[in-house]
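Worksheet: one structure, shown below.
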Amino acid sequence: MLNFYPSSEHPLWIDLFNPTDSETQSIAKALDIEVPARADLEAIESSSRLQSEGAWIRVSTPVSAHGEYEGTTPVGFVLSPKVLVTVRYTELQAFDATAKACNKSEHPLTGSAEVFASLIEGMIDYGADMLEQIGNTLNTLSSNVFHEYRTQKSRSIRRKNRELKGALLEIGSSGNRLSQIREALLGLQRIIPFVSEKAKGWAKPEVQARLKTVSGDLVSLADFEVHLSNKIQFLLDATLGFINTEQNDIFKVLTIVTVVGIPPTFFASMWGMNFHDMPEYSWSFGYEFGLLVIIVSTLVPIIWFKWRGWW
């Protein structure tokens, strides 16, 4: 899809959204530039993501996709003093907001560098919102893993295990989203100084100031992302620790039951042998005596485990 803002006659911004080959070629021919293909945008080396030729600046960065699509998607910027060309393959909130700003009747965007700055600000705002959501999710998980586990010991083991497994899935999902945002922030940290330096001769001072401000925002977001990464690792270790504790409790119960059952099994097996010379068979109260010994041999290990605090 090919979009022109504010109009096709005098565009400041040409947005190639999931473009066809013919659309890419038409823009490249009209502006006499090389519009990067998706394979070029997905290259990870800096020499491919940061390029400058004459008045044209070409940069690319991965961004965290919106909506149901999971993963990162590349976005390319080809910037000159007169026009900005973007190449993208998914819906992005920053692009929708900037398109509205270009078409406003009051205080519209007036330059390609200003459009670029608006897009970058929108992408950083989205990343900040995602970090806040992940932070809230981790706070909720922390409450569930620690507070509820500590205060609701009477719940069934099956329910506890189900909730701990659900917490593991949520932690994994948060870690995956956080890694995508980290990749996007690192990409933005590379392209903003590059564009600011290369456009120093023609970008307005206020645009340069905006790019400097968002660079500072990226530093603070990167610090917050590191904090969230540490918290995810801590919650992961804690959840796995609780799961191991639950499993150990189950094995402890099984072990105690096994040990408690050995003495009565021994006596029952001994008196169940069919030998003629066993004196207990002739006792008047031999049956009652055997039951009493079995009961006592069962209670003694239980009392011992309780006294030792093992159960």
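The figures that follow rest on heavy atoms only: side chains count, while hydrogens, waters and symmetry mates do not.
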*Any side-chain heavy atom of Leu12 within less than 4.5 Å of one from Cys102?*
no

* Trace of the side-chain contact (heavy atoms from CB on, under 4.5 Å) decision for Lys204 with Val207 -> CA-CA 5 Å; Lys204 296 179 180 179; Val207 174; 4.2 Å; yes

Val293 reachable from Leu299 in the ILVMFWY side-chain graph, under 4.5 Å edges: no

Discussion item. I'd like to know if the side chain of Glu23 reaches the main chain of Thr20, judged simply by a donor and an acceptor atom lying under 3.5 Å from each other, with no hydrogens or angles considered.
Written reply: yes

Task: Common cluster, Val219/Val226, ILVMFWY with side-chain heavy-atom separation under 4.5 Å - done: no

Quick check: do Ile192 and Ile120 have side-chain heavy atoms less than 4.5 Å from each other?
yes

Query - Glu53 atom CD, over 12 foreign heavy atoms within 6.0 Å - result: no

Between the CG atom in Asp237 and the CG atom in Asn244, the distance rounded to the nearest 0.5 Å is 10.5 Å

| query | Is the shortest heavy-atom distance from the side chain of Leu291 to the side chain of Glu288 under 4.5 Å? | reply | no

- request: Indicate, with yes or no, if Ile295 and Trp283 share a hydrophobic cluster defined by side-chain heavy-atom contacts under 4.5 Å among Ile, Leu, Val, Met, Phe, Trp and Tyr.
  value: no

In terms of heavy-atom contacts, Leu131 and Leu178 come closest through CD2-CD1, 3.5 Å

One should read off an interatomic distance between Met130 CE and Leu228 CG, to the nearest 0.5 angstrom, of 12.5 Å

Review point. Do the side chains of Thr98 and Tyr5 get nearer than 4.5 Å, heavy atoms only?
Key: no

Heavy-atom closest pair (Glu170 atom, Leu141 atom, distance to 0.1 Å) is CG-CD1, 3.6 Å

* Asked: Under the 3.5 angstrom rule, does the side chain of Ser118 hit a backbone N or O of Glu114 as a donor-acceptor pair?
  -> no

Looking only at heavy atoms, the pair that brings Gly122 and Ala94 closest together is C-CB, 3.4 Å

> Quick one: do Phe194 and Trp202 end up in the same hydrophobic cluster if we chain Ile, Leu, Val, Met, Phe, Trp and Tyr together by side-chain heavy atoms under 4.5 Å apart?
Replying inline: yes

Subject >> Heavy-atom side-chain contact between Tyr126 and Leu92 under 4.5 Å >> reply: no

Rounded to the nearest 0.5 Å, the CZ atom of Phe224 sits from the CG atom of Leu185 at a distance of 11.5 Å

Exactly one of Leu16, Val75, Val78, Ile27 clears side-chain contact (heavy atoms from CB on, under 4.5 Å) with Val87, and that residue is Leu16

Greater than 12 external heavy atoms within 6.0 Å of Asp223's CG
yes

(Q) Apply side-chain hydrogen bond (donor to acceptor under 3.5 Å, both in side chains) to residues Ser112 and Trp13 and explain how you reach the verdict. (A) CA-CA 6 Å; Ser112 59; Trp13 172 28; over 6 Å; no

*Could you walk me through whether Tyr287 and Trp271 pass the side-chain contact (heavy atoms from CB on, under 4.5 Å) check?*
CA-CA 10 Å; Tyr287 176 71; Trp271 285 318; over 6 Å; no

Residues Ala113 and Leu79: closest non-hydrogen pair is N-CD1, 4.1 Å

Might you confirm whether atom CG of Asn136 has over 12 heavy atoms from other residues, nucleotides or ligands at distances under 6.0 Å? yes

- For the hydrophobic clusters of this structure (ILVMFWY residues joined by side-chain heavy atoms under 4.5 Å, transitively), does one cluster hold both Ile294 and Met273? yes

*asked:* Between Ser269 and Thr265 (side chain of the first, backbone of the second, donor and acceptor by atom type, cut-off under 3.5 Å), is there such a pair?
replied: yes

When every non-hydrogen atom of Phe17 is compared with those of Tyr89, the smallest separation belongs to CE1-C, 3.9 Å

Notebook entry, point to check: When you look at Glu225 and Ser229, which way does the side-chain hydrogen bond (donor to acceptor under 3.5 Å, both in side chains) test go after all the steps?
Noted result: CA-CA 6 Å; Glu225 182 273 327; Ser229 295; 2.8 Å; yes

Note to self: Do Asp129 and Gln133 pair up side chain to side chain, a donor and an acceptor below 3.5 Å, judged on atom types alone?
What the structure shows: no

>> For the residue pair Arg58 and Phe77, would you count it as a cation-pi contact if the rule is NZ or CZ under 6.0 angstrom from the ring centre and within 45 degrees of the ring axis?
In response: no

OG1 of Thr24 to CZ of Arg38, rounded to nearest 0.5 Å, is 12.5 Å

With Arg88 as partner, the option from Asp15, Asn18, Thr73 fulfilling side chain to side chain donor-acceptor pair (under 3.5 Å) is Asp15

message: Please evaluate residues Trp56 and Val83 with respect to the criterion side-chain contact (heavy atoms from CB on, under 4.5 Å), reporting the C-alpha separation (whole Å), side-chain torsions for both, the decisive distance (0.1 Å), and the verdict.
response: CA-CA 10 Å; Trp56 290 96; Val83 65; 3.6 Å; yes

From the list Val296, Ile303, Ile302, side-chain contact (heavy atoms from CB on, under 4.5 Å) partner of Val300 resolves to Val296

Separation between CG (Leu236) and CG (Leu168), nearest 0.5 Å, reads 6.5 Å

Sidechain N-carboxylate O distance under 4.0 Å for Arg210, Glu206:
no

- prompt: So, the side chain of Thr239 versus the backbone of Leu235: is there a donor-acceptor pair under 3.5 Å, distance only?
  reply: yes

Open item on the list: Could you tell me if the side chain of Ser173 sits less than 4.5 Å from the side chain of Asn176, heavy atoms only?
Closed with: no

### Task
Give a yes or no on this: more than 12 heavy atoms of other residues, nucleotides or ligands lie within 6.0 Å of atom NZ of Lys231.
yes

Thr137 and Ser174 have their tightest heavy-atom pair at CG2-OG, 3.8 Å

Separation between CG (Asp217) and CG (Leu188), nearest 0.5 Å, reads 11.5 Å

*Beyond-backbone contact of Ser60 with Pro74, side-chain heavy atoms, under 4.5 angstrom*: no

Check: Pro36 main-chain N/O paired with Asp40 side-chain donor or acceptor under 3.5 Å: no

Notebook entry, point to check: If we only count heavy atoms from C-beta on, is the Ile191 to Arg49 side-chain gap below 4.5 Å?
Noted result: no

N/O donor-acceptor pair under 3.5 Å between Gln208 side chain and Ala203 backbone:
no

